[in-house]
Amino acid sequence: RKEVEQDPGPFNVPEGATVAFNCTYSNSASQSFFWYRQDCRKEPKLLMSVYSSGNEDGRFTAQLNRASQYISLLIRDSKLSDSATYLCVVKVRDTGNQFYFGTGTSLTVIP
Amino acid sequence: DAGITQSPRYKITETGRQVTLMCHQTWSHSYMFWYRQDLGHGLRLIYYSAAADITDKGEVPDGYVVSRSKTENFPLTLESATRSQTSVYFCASSDWGSGRPEQYFGPGTRLTVT
């Protein structure tokens with residue numbers, strides 16, 4: 001079983017739409033959670049960390065549900081520049097700072 | 001502010017040859033990592049290092065060797081390249097000791113083994 005699972009999509013949404021991605025993780029010892037963004041043929045870049053109480057950064061809102069072991073990312077008012085692959089990332093306690101990456105969810109925002 | 005760099009950016013080699021991919025970071029981060037990214041698998045950890053002279057295996061270490069004699073450098077060597085090692089390789093670093101575990105990635109090396 002994979003440590004982190006995501007719906008691969010693709011999600012194709014019009015500009016201005018709200019879109020949500022979910023991600024589940026299998027290890028209850030998971031300690032830290034992140035969303036990364038990866039543009040085509042580029043390196044992953046940190047989008048935001050995910051905190052237990054949920055957190056927001058502009059148009060992006062991340063939520064964590066430890067009981068159900070899932071993480072979500074909500075993007076409001078989608079822009080063309082949001083088109084990318086979004087990676088759900090989990091750090092498991094006592095694994096030497098190893099990160100486990102989901103395979104990513106592809107988003108295309110259409111004009 | 002150079003951050004984290006990788007070289008070469010593109011490499012074509014033949015089966016059986018030894019190849020070394022370089023990674024250099026200017027932040028003095030304690031942790032460094034090597035990943036490979038393939039379609040359908042996402043990013044998979046090959047090796048990581050918590051500090052100079054400390055390395056450990058990740059999920060897919062077979063066929064790879066690493067060393068870390070200096071904090072800023074973390075080379076990855078393919079001892080005898082195989083076609084299955086054709087991939088995009090990303091190096092990353094993290095300043096976990098400061099309480100910020102986020103990883104920062106280099107631009108990647110696209111390796112083709114023919």
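Each chain gets a letter, A, B and so on, in the order its sequence line appears, and its residues count up from 1.
- Below 4.5 Å, heavy atoms of chain B meet no heavy atom from residues 50-84 of chain A.
- The salt bridge (charged side-chain N to carboxylate O under 4.0 Å, His left out) pairs that include a residue from residues 60-70 of chain B number zero, where partners must be two or more places apart or lie in different chains.
- Ring geometry, A/Y36 versus B/F105: the interplanar angle exceeds 60°, so the pair is classed perpendicular (tilted spans 30 to 60°).
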Ring pair (Phe, Tyr, Trp, His ring centres under 6.0 Å), that's the test. Do B/Y35 and A/F99 meet it? Break it down for me.
CA-CA 10 Å; B/Y35 293 91; A/F99 277 24; 8.0 Å; no
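- Placement of B/V88 and A/V89 within a single hydrophobic cluster is found when ILVMFWY residues are connected by side-chain heavy-atom separations under 4.5 Å, directly or transitively.
- Atom NZ of A/K91 sits about 11.0 Å away from atom CD of B/E102, to the nearest 0.5 Å.
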Donor-acceptor contacts, no H, no angles, side chain residues 5-19 of chain A, under 3.5 Å, sequence neighbours left out:
{"unit_1": "A/Q6", "atom_1": "OE1", "unit_2": "A/C88", "atom_2": "N", "d": "2.9"}
{"unit_1": "A/Q6", "atom_1": "OE1", "unit_2": "A/G104", "atom_2": "N", "d": "3.1"}
{"unit_1": "A/Q6", "atom_1": "NE2", "unit_2": "A/Y86", "atom_2": "O", "d": "2.9"}
{"unit_1": "A/Q6", "atom_1": "NE2", "unit_2": "A/T105", "atom_2": "OG1", "d": "3.2"}
{"unit_1": "A/D7", "atom_1": "OD1", "unit_2": "A/G9", "atom_2": "N", "d": "2.9"}

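- Environment of CD1 in A/I110: crowded, with over 12 heavy atoms of neighbouring residues, nucleotides or ligands closer than 6.0 Å.
- Taking A/Q38, A/K45, A/K42, A/Q31 one by one and counting their heavy-atom pairs under 4.5 Å with chain B, the maximum is reached by A/Q38.
- Contacts with chain A were tallied for B/A92, B/G58, B/G108, B/P107; B/P107 has the most, counting heavy-atom pairs under 4.5 Å.
- Looking at B/R44, neither its backbone nor its side chain comes within 4.5 Å of chain A, counting heavy atoms on both sides.
- Heavy atoms of B/L43 lying under 4.5 Å from chain A belong to its backbone as well as its side chain.
- Side-chain contact of B/Q6 with A/E43: a donor-acceptor pair under 3.5 Å is absent, judged by distance alone.
- Rounding to the nearest 0.5 Å gives a distance of 8.5 Å between CD of A/E3 and CD of B/E59.
- Residue B/W34 is found in a hydrophobic cluster whose other members, listed by chain and number, are B/V19, B/L21, B/M32, B/I46, B/Y47, B/V60, B/Y64, B/V66, B/F74, B/L76, B/L78, B/Y89, B/L111, B/V113; membership requires side-chain heavy atoms under 4.5 Å apart, directly or through intermediates.
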